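Some notes on the structure that comes next.
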2 protein chains.
Amino acid sequence: MSRAEIAQTLGVSRATVSTIVDGLIASGLVSERGAGVSRGGRRPIVLKVNPEAGRVVGVDVGASHVLVVLADLCGKILDEAEQPLDVASGPEVCLPLIADVVEAILSRNGGLGVMQAVGVGVPGPVIAARGVVSSPPIMPGWDGYPIREFFETRWGRPALVDNDADLGALGESTFGAGRGETNLAYIKIGTGIGCGLLLDGQLYHGVVGTAGEIGHFTVSQDGPPCKCGNYGCLEAMAGGRAIAQRAYLAIQAGQPTTLAAINHGRQITARDVAQAAQAGDAVSQQLLSDAGRHIGSALASLINLLNPGLVLIGGRVAEAGESLLAPIREAVQRRSLRASLRATRIQTAALGRHATVLGAVALALDSAFCSQLQQRPARGRARS
Amino acid sequence: MSRAEIAQTLGVSRATVSTIVDGLIASGLVSERGAGVSRGGRRPIVLKVNPEAGRVVGVDVGASHVLVVLADLCGKILDEAEQPLDVASGPEVCLPLIADVVEAILSRNGGLGVMQAVGVGVPGPVIAARGVVSSPPIMPGWDGYPIREFFETRWGRPALVDNDADLGALGESTFGAGRGETNLAYIKIGTGIGCGLLLDGQLYHGVVGTAGEIGHFTVSQDGPPCKCGNYGCLEAMAGGRAIAQRAYLAIQAGQPTTLAAINHGRQITARDVAQAAQAGDAVSQQLLSDAGRHIGSALASLINLLNPGLVLIGGRVAEAGESLLAPIREAVQRRSLRASLRATRIQTAALGRHATVLGAVALALDSAFCSQLQQRPARGRARS
DNA sequence: GGCTTTTGTCAATATATGGAACAAAGTTAT
DNA sequence: ATAACTTTGTTCCATATATTGACAAAAGCC
């Protein structure tokens with residue numbers, strides 16, 4: 001991006017941009033990278049963020065694993081580590097363990113000092129302003145625990161905490177399939193079903209951080225019971241756990257499927273079903289198609305209500321690809337309004353298992369750049 | 001509000017507030033109104049917006065009527081006029097007619113000059129930035145017609161256009177039951193069912209202005225056909241038209257109801273059903289209760305997805321009050337997540353048929369104050 | 001080669017904001 | 001009642017921030 005382009009985009013004068021950019025160049029955050037393409041006049045000087053000027057850390061806390069990445073200022077992953085972790089063992093156990101993983105990565109990449117900020121995604125409702133979770137269903141003992149404070153006092157660097165699905169949305173919108181989109185929904189289909197919302201360019205949390213709970217949409221009034229106490233929730237009909245359960249029942253019922261062979265060795269997972277479907281197993285395809293139909297009917301409501309430009313299907317189960325996406329599209333088409341639908345693309349997410357952690361990186365990058373801009377760059381002409 | 005209070009709220013110094021307020025007082029927009037209550041020191045000088053410093057106009061274009069109000073700078077309605085209007089006759093017919101109504105009101109209230117801005121609500125999806133509607137179902141011929149431009153060139157004043165349900169949300173949040181709430185949904189139950197969303201303090205429109213289409217949520221997969229082409233839409237099951245239709249069928253089926261007497265004279269309306277229900281008619285109560293159950297199940301999805309602090313039930317049918325609200329609350333309770341629900345109040349709207357038009361007034365007021373702040377107040381010391 | 005266009009910089013200037021000191025007007029403690 | 005403390009609102013000044021307009025550099029266009 002050139003100075004003139006920035007000035008036009010932000011609606012400020014070129015002179016202003018020049019002075020600010022000078023500061024950023026002096027601090028090493030930005031550098032000039034040759035000449036761009038002319039638009040009928042002098043060729044602009046292309047400005048690039050200098051990826052080497054700092055590092056940020058992203059953390060994705062899952063129910064049973066934690067994924068930590070180190071990224072440069074462009075969001076490129078330089079190193080990563082994954083470790084088993086039972087989130088149910090509480091913050092006193094988990095947080096130091098996570099911190100150890102982060103410190104291990106940092107120590108083999110230039111030490112603690114290189115980290116400018118850290119972003120953390122957790123599988124529960126987050127009050128982002130305070131950096132705590134609020135009555136999370138799958139994180140017993142974490143309610144109100146000062147997660148952000150823990151990391152900030154440990155490292156003296158800004159720490160940002162947010163929900164995993166929300167960060168998935170942010171990750172995809174920053175680095176993935178949602179670049180440039182200001183209104184998108186990221187659907188995370190894993191064991192359960194979550195949803196992160198980016199509305200008018202901002203992550204949307206709601207009043208207590210529980211926005212995006214599409215997993216407990218009622219899709220069938222007389223459906224199976226859900227852990228939440230209701231019946232026929234989307235999650236109970238089309239989540240990874242539900243798909244696996246249905247596969248098990250199909251095998252028990254003696255339906256002809258390649259899944260039966262797997263089941264003799266170990267428990268069936270949704271991933272097995274996805275793989276079998278792609279390999280052509282009809283029963284598996286039917287299972288995914290049913291799940292897709294239910295997801296699609298919930299998505300139709302989401303699309304009617306929020307009129308997003310893009311819906312991204314992510315999470316492990318989404319790796320099934322078209323076997324899941326086609327019935328989703330079909331169900332959405334049947335149930336949502338023409339006008340809204342025409343404006344909404346439905347696609348698979350691009351970042352796979354890195355979506356959330358890259359959202360955490362994006363959050364950390366934001367904070368890193370902001371704090372850089374706060375610090376006045378050195379005044380007066382340097383040397384000479 | 002005192003200067004010190006403003007300074008604290010906005011996070012700026014008292015000195016800054018003083019200079020700005022001086023300008024506003026000089027231009028007559030704000031005036032000092034005696035002393036407030038002390039908090040242990042000097043008593044603050046209470047500042048009030050001077051309602052007499054200008055006027056704004058709000059317009060609510062309905063399917064068959066247009067409602068125009070003149071309001072002072074505090075949003076108090078000074079005069080109003082309503083006139084039949086067939087929105088289907090297109091913009092070339094409707095807009096001049098609306099303008100005439102506005103001008104009639106203005107001419108008996110000090111002339112055209114007193115109006116500082118005008119806000120307009122229309123019953124279709126709006127692209128607010130451009131001031132046009134986009135493929136509205138019930139406004140044939142209006143697609144892309146430059147509504148804002150029409151009013152701005154006619155009067156040389158800022159005109160703002162938005163959707164009627166969105167303005168209902170804005171109206172209730174500014175003047176009604178939603179004051180102070182940054183996240184609320186306003187449900188407008190009239191002939192159809194619409195919804196306006198205020199998210200994080202901003203009206204939410206989506207990418208093409210169709211956000212809030214809760215009326216076409218599927219609430220019963222095998223329900224009656226809807227005008228939109230789908231089956232079992234909320235609007236087709238619980239909208240005003242649907243309630244009237246069901247009442248008619250109940251009478252035909254010979255059910256014992258006081259509605260039968262009305263039906264001999266003219267067609268039953270949803271309002272008749274609401275009145276009969278409040279008077280104790282069991283069949284009418286059942287009809288409303290059914291409708292409420294369906295609305296509640298759609299609202300549960302909305303609450304799960306958006307985690308609003310407040311849901312307001314407005315529109316004509318909502319005047320039924322608790323006969324409708326009780327089943328809504330019950331259905332929501334059954335179907336939505338505890339955590340989200342605990343944070344969400346469900347109430348009837350406070351502004352009745354003025355909700356939308358007061359939202360239009362709020363929009364106009366915003367614009368009026370902004371343009372006042374843009375104009376530099378006179379520099380240098382006046383007199384002496 | 002001259003003309004126009006666009007980019008980036010510089011100096012002068014306008015505007016906005018904050019800090020400190022202070023007077024005014026109150027409350028609270030003695 | 002008096003003194004001490006609080007809070008409010010103002011004034012003056014320093015500083016930060018952005019804009020304007022002029023201008024040189026570097027390109028395209030004729």
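If you're wondering where the values come from, they're calculated on a predicted model, not measured in any experiment.
Using a distance-only test at 3.5 Å, with no hydrogens or angles considered, no donor-acceptor pair links the side chain of B:Tyr186 to the main chain of B:Leu170. Proximity of a side-chain donor or acceptor of A:Arg55 to a complementary backbone N or O of A:Pro51 within less than 3.5 Å is detected. Side chain of A:Glu172 to main chain of A:Leu351: a donor-acceptor pair is present (N/O by atom type, distance under 3.5 Å, no hydrogens or angles).
By the 6.0 Å contact criterion, CZ on B:Arg33 is enclosed, its count of non-hydrogen atoms from other residues, nucleotides or ligands being greater than 12.
Inspection of the B:Asn163 and B:His205 side chains reveals no N or O donor paired with an N or O acceptor under 3.5 Å. Side-chain contact, B:Asn50 with B:Ser31: no donor N or O sits under 3.5 Å from an acceptor N or O.
Atom CZ of A:Arg42 and atom P of D:dA27 are 9 Å apart (whole Å). Taking atom CD1 of residue B:Ile6 and atom P of nucleotide C:dT17, one finds them 14 Å apart after rounding to whole Å. The separation between B:Leu47 atom CG and D:dT8 atom P is 12 Å, rounded to whole Å. The distance between atom CD1 of A:Ile20 and atom P of C:dT9, rounded to the nearest whole Å, is 13 Å. Between the CD atom of A:Glu5 and the P atom of C:dT7 there is a distance of 9 Å, rounded to whole Å. What separates CD1 of B:Ile45 from C1' of C:dA23 is a distance of 13 Å, to the nearest Å. Atom pair A:Gln8:CD and C:dG8:P shows a separation of 12 Å (rounding to whole Å applied). If you take CZ of B:Arg43 and P of C:dA25, they are 11 Å apart, rounded to a whole angstrom.
Backbone-only contact: B:Ser2 has heavy atoms under 4.0 Å from sugar-phosphate atoms and none from a base.
For A:Arg154, the side-chain hydrogen bond (donor to acceptor under 3.5 Å, both in side chains) criterion is met by A:Asp100, A:Glu103, not counting sequence neighbours.
Residues B:Gly58 and B:Ala360 approach most closely at CA-CB, 3.9 Å, considering heavy atoms.
Within residues 9-16 of chain B, the residues approached by DNA chain C to less than 4.0 Å at the level of any non-hydrogen atom are B:Gly11, B:Val12, B:Ser13, B:Ala15, B:Thr16, in residue-number order. Listed in residue order, the members of residues 30-41 of chain B having a heavy atom less than 4.0 Å from DNA chain D are B:Arg39, B:Gly40, B:Gly41.
For the pair B:Arg3 and D:dT10, the criterion of a side-chain N or O lying under 4.0 Å from OP1 or OP2 is met.
Side-chain contact between A:Thr174 and A:Leu358: absent, with no pair of heavy atoms (C-beta onward) separated by less than 4.5 Å.
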